[in-house]
Number of protein chains: 2
Amino acid sequence: MSRTERRRPPTIHDVAREAGVSRGTVSRVLNGGHNVSPAALEAVNAAIRRTGYVVNRHARSLITGRSDSVGFLLTEPQERFFEDPNFNVLLSGCTQALAAHDIPLLLMIAGDESERRRITRYITAGHVDGVLLVSSHSGNPVAERLEEAGVPVVACGEPLGQGGRVAYVAADERGGAHRMVRHLVATGRRRVAMITGPLDTPGGVQRLAGYREELAASGLPADESLVAEGDYSRSSGEAAMTALLERAPGLDAVFVASDLMAQGALAALERAGRRVPEDVAVGGFDDSPAALATLPPLTTIRQPWDRISAEMVRLLLARIAGDEPAGVILPTELVRRESA
Amino acid sequence: MSRTERRRPPTIHDVAREAGVSRGTVSRVLNGGHNVSPAALEAVNAAIRRTGYVVNRHARSLITGRSDSVGFLLTEPQERFFEDPNFNVLLSGCTQALAAHDIPLLLMIAGDESERRRITRYITAGHVDGVLLVSSHSGNPVAERLEEAGVPVVACGEPLGQGGRVAYVAADERGGAHRMVRHLVATGRRRVAMITGPLDTPGGVQRLAGYREELAASGLPADESLVAEGDYSRSSGEAAMTALLERAPGLDAVFVASDLMAQGALAALERAGRRVPEDVAVGGFDDSPAALATLPPLTTIRQPWDRISAEMVRLLLARIAGDEPAGVILPTELVRRESA
DNA sequence: CTGAAAGCGCTTACAG
DNA sequence: CTGAAAGCGCTTACAG
């Protein structure tokens with residue numbers, strides 16, 4: 001027990017004594033300063049400074065019933081999280097946006113159903129005022145479960161088949177796909193293939209839809225042999241590209257639904273002896289750090305992750321304050337580099 | 001205010017009534033079940049199940065003075081965090097190891113000095129029982145500040161110049177460097193260059209020391225023109241490799257202190273028309289996902305991130321329980337792939 | 001082994 | 001505008 005003794009921190013009582021007012025008045029100052037005379041306000045603020053007082057959140061939460069904290073819940077299998085740089089940007093952005101409101105972020109990872117149950121229980125017990133949910137796979141019931149229990153949720157990406165019951169923030173996936181395919185076609189490509197994301201995710205579905213729409217708009221024929229499905233991982237992109245090359249050797253461009261998969265596709269193309277962009281133009285999606293790590297650097301669709309995290313936090317705080325759920329769609333943008 | 005009403009969750013009082021015992025007895029069951037008769041124990045447990053009771057942590061913390069939560073504090077500038085997959089593995093591993101103890105992890109990011117002050121204040125106010133610190137740069141005073149305030153800290157990586165005051169977990173950096181250089185030399189390389197990490201970090205310093213020691217042990221001459229410093233980023237690896245090629249065109253191998261920098265080095269070598277591994281063997285460090293994303297896949301030194309996170313959590317919980325600080329060094333291992 | 005009671009540090013009507 | 005007081009849901013000596 002030789003560990004440094006932690007001194008008992010000053011309480012509202014110490015501040016009250018120091019300022020010569022009651023504890024109620026100190027509390028009022030702490031909670032917005034309404035109904036407090038200027039003189040008292042100043043005395044209390046000075047006392048807070050002198051004593052180094054910091055509110056005890058446990059005591060406050062006990063009475064308010066709020067925890068003044070927010071959960072960041074990841075229900076993807078871990079591997080995805082490890083590999084995808086987007087998660088970092090999102091997580092970090094949310095942490096900082098919350099920090100500006102002095103709200104701590106609790107990180108929660110639920111890889112399997114038993115962890116999901118444990119965490120749901122923890123959350124619905126009121127340990128957190130709301131949840132930022134990252135889990136684009138449909139058929140994942142946590143969002144509804146939490147909302148039913150009265151815990152506000154904001155999802156990253158549009159939840160599939162949930163009829164507007166849960167709030168979300170998403171990039172304009174479909175518009176992004178339009179932009180990329182338009183660019184590919186505008187630069188003279190005529191056999192444009194696509195590697196999609198998992199088709200049980202909104203990103204998977206909508207980027208594919210945008211691809212098809214833009215192809216049709218360009219008067220190019222639809223050809224299902226030009227479409228292969230991946231799971232957003234690097235290796236799945238490599239496998240899909242290999243399959244496409246086999247099925248449709250004449251392809252001259254490929255729109256890949258994530259930069260990470262595009263990295264894999266690039267490897268497959270190199271192995272097959274196809275030059276990029278001379279023989280095959282490659283377009284990615286995300287504008288993640290991976291897009292700069294490839295050779296050649298990737299032409300891609302930028303998702304505004306910084307704005308996405310900021311909007312998620314804004315929406316969640318609004319929901320916690322009582323607002324109705326809302327969906328926010330943020331624009332994407334084409335980033336031209338060397339691969340297409 | 002049409003938001004779903006959150007029902008008031010059951011309290012210890014409801015459980016007591018349901019079980020026909022006093023609240024004190026319920027509390028004893030909750031806290032280990034000492035001094036409770038088997039009959040009472042069973043009645044309480046049944047009542048807990050029936051009511052769906054979950055302890056209110058705020059009330060508990062208010063009286064125990066513990067928060068039963070832990071902070072994960074990142075003091076690196078954000079960019080590093082985004083780019084480095086190791087952070088993910090570490091963060092995720094710590095989250096899960098803590099979850100096994102039912103302890104939530106609060107993510108904290110302190111990019112600049114003002115954020116550092118805000119977060120230090122938050123932590124020392126007792127909102128967290130201990131801190132997992134990721135910040136290998138020396139001259140970063142947060143670890144000492146926190147320990148002085150009585151908050152246990154466990155650092156990732158050996159803190160430079162802190163005389164054993166703060167607990168840490170690290171990989172055997174020096175041994176890893178030995179292993180890699182030995183491998184390079186054993187496969188016939190004679191002009192082995194090195195791209196180091198930042199030399200104000202333990203990883204930077206120790207991997208370089210290991211390189212020099214092993215070169216000497218192999219009877220190869222020390223040549224300072226063969227050493228260039230990077231900052232662990234991809235682009236710095238590319239720049240360093242370009243500089244090395246200029247200074248020492250005759251090099252036939254390079255030991256790069258991180259996989260990410262190795263990725264950059266590979267790009268520089270390709271640009272310079274050097275084949276890997278035929279002309280230049282490249283060895284990385286980390287065995288991060290980046291090592292598999294390169295062409296050719298990277299021979300590297302595996303850091304046991306899963307064990308590192310588990311040990312950090314173990315050590316922190318021990319410190320919180322009163323143990324003295326300790327340093328733990330975990331072994332590294334050579335992973336042979338195609339680049340060397 | 002068990003219950004009654006005090007008290008952790010706050011907030012919030014309630015009087016004035 | 002301000003103070004006195006109740007009470008949030010727990011834990012922990014203290015008696016028995």
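Protein chains get the first letters and strands the later ones, always in sequence-line order, with residue 1 at the start of each.
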**OP:** In plain terms, say whether Asp102(A) and Arg57(A) are close enough for a salt bridge, that is, a side-chain N and a carboxylate O under 4.0 Å apart.
**Re:**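 Salt bridge between Asp102(A) and Arg57(A), a charged N being under 4.0 Å from a carboxylate O: yes.
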Subject >> Ionic contact status for Arg116(B) with Glu113(B), cut-off 4.0 Å >> reply: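 Salt bridge between Glu113(B) and Arg116(B), a charged N being under 4.0 Å from a carboxylate O: yes.
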Subject >> Given Leu90(A), Leu91(A), Leu98(A), the one that forms side chain to side chain contact (heavy atoms under 4.5 Å, CB included) with Leu132(A) >> reply: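 Only one of Leu90(A), Leu91(A), Leu98(A) forms a side chain to side chain contact (heavy atoms under 4.5 Å, CB included) with Leu132(A), namely Leu98(A).
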Report the distance from atom [atom1] of [X] to atom [atom2] of [N], rounded to the nearest whole Å.
X: Asp68(B); N: dT11(D); atom1: CG; atom2: C1'; result: 12 Å
X: Arg66(A); N: dC8(D); atom1: CZ; atom2: P; result: 17 Å
X: Arg23(B); N: dA5(C); atom1: CZ; atom2: P; result: 10 Å
X: Leu30(B); N: dG9(D); atom1: CG; atom2: P; result: 15 Å
X: Leu62(B); N: dG7(C); atom1: CG; atom2: P; result: 14 Å
X: Asn31(A); N: dT2(D); atom1: CG; atom2: C1'; result: 16 Å
X: Asp14(B); N: dC8(D); atom1: CG; atom2: P; result: 12 Å
X: Ile63(A); N: dT12(C); atom1: CD1; atom2: C1'; result: 6 Å

Closest nucleotide among [options] to the [X] side chain:
X: Val21(A); options: dT2(D), dG3(D), dC10(C); value: dG3(D)
X: Asn56(B); options: dT11(C), dC1(C), dC10(D); value: dC10(D)
X: Ser27(B); options: dC1(D), dT11(C), dT11(D); value: dT11(D)
X: Tyr53(B); options: dT2(D), dT2(C), dC10(D); value: dC10(D)
X: Val55(B); options: dG3(D), dG9(C), dC10(D); value: dC10(D)
X: Asn35(A); options: dG3(D), dC1(D), dG9(C); value: dC1(D)

Original post:
Is there a donor on the side chain of Arg28(B) or the base of dG3(C) sitting less than 3.5 Å from an acceptor on the other?
Top reply: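 Under the 3.5 Å cut-off, the side chain and the base do form a donor-acceptor pair.
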Original post:
For Ile12(B) and Thr25(A), take the nucleotide of DNA chain D holding the closest heavy atom to each; which residue's nucleotide lies nearer the 5' end?
Top reply: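 This one resolves to Thr25(A).
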Original post:
Counting only side-chain N and O atoms of Ser61(B), is one of them less than 4.0 Å from OP1 or OP2 of dC10(D)?
Top reply: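 Result: no.
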Original post:
Counting just side-chain N and O atoms, does Ser22(B) come under 4.0 Å of either OP1 or OP2 of dA4(C)?
Top reply: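 Result: no.
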Original post:
Using purine N1 to pyrimidine N3 plus N6-O4 or O6-N4 for Watson-Crick, or N1-O2 and O6-N3 for G-U wobble, both under 3.5 Å, which nucleotide pairs with dG16(C)?
Top reply: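 Pairing partner, where one exists within any strand: dC1(D).
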Original post:
So Tyr122(A) and His127(A), would you call those rings parallel, tilted or perpendicular, with 30° and 60° as cut-offs?
Top reply: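 It falls in the tilted class, 30° to 60°.
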**OP:** Select from Leu41(B) and Ala59(B) the residue whose nearest nucleotide in DNA chain C is closer to the 5' end of that strand.
**Re:**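 It is Leu41(B), whose closest nucleotide lies nearer the 5' terminus.
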Original post:
Can you name the nearest heavy-atom pair linking Val166(B) to Pro159(B), along with the distance?
Top reply: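 Nearest heavy atoms, Val166(B) then Pro159(B): CG2-CG, 3.7 Å.
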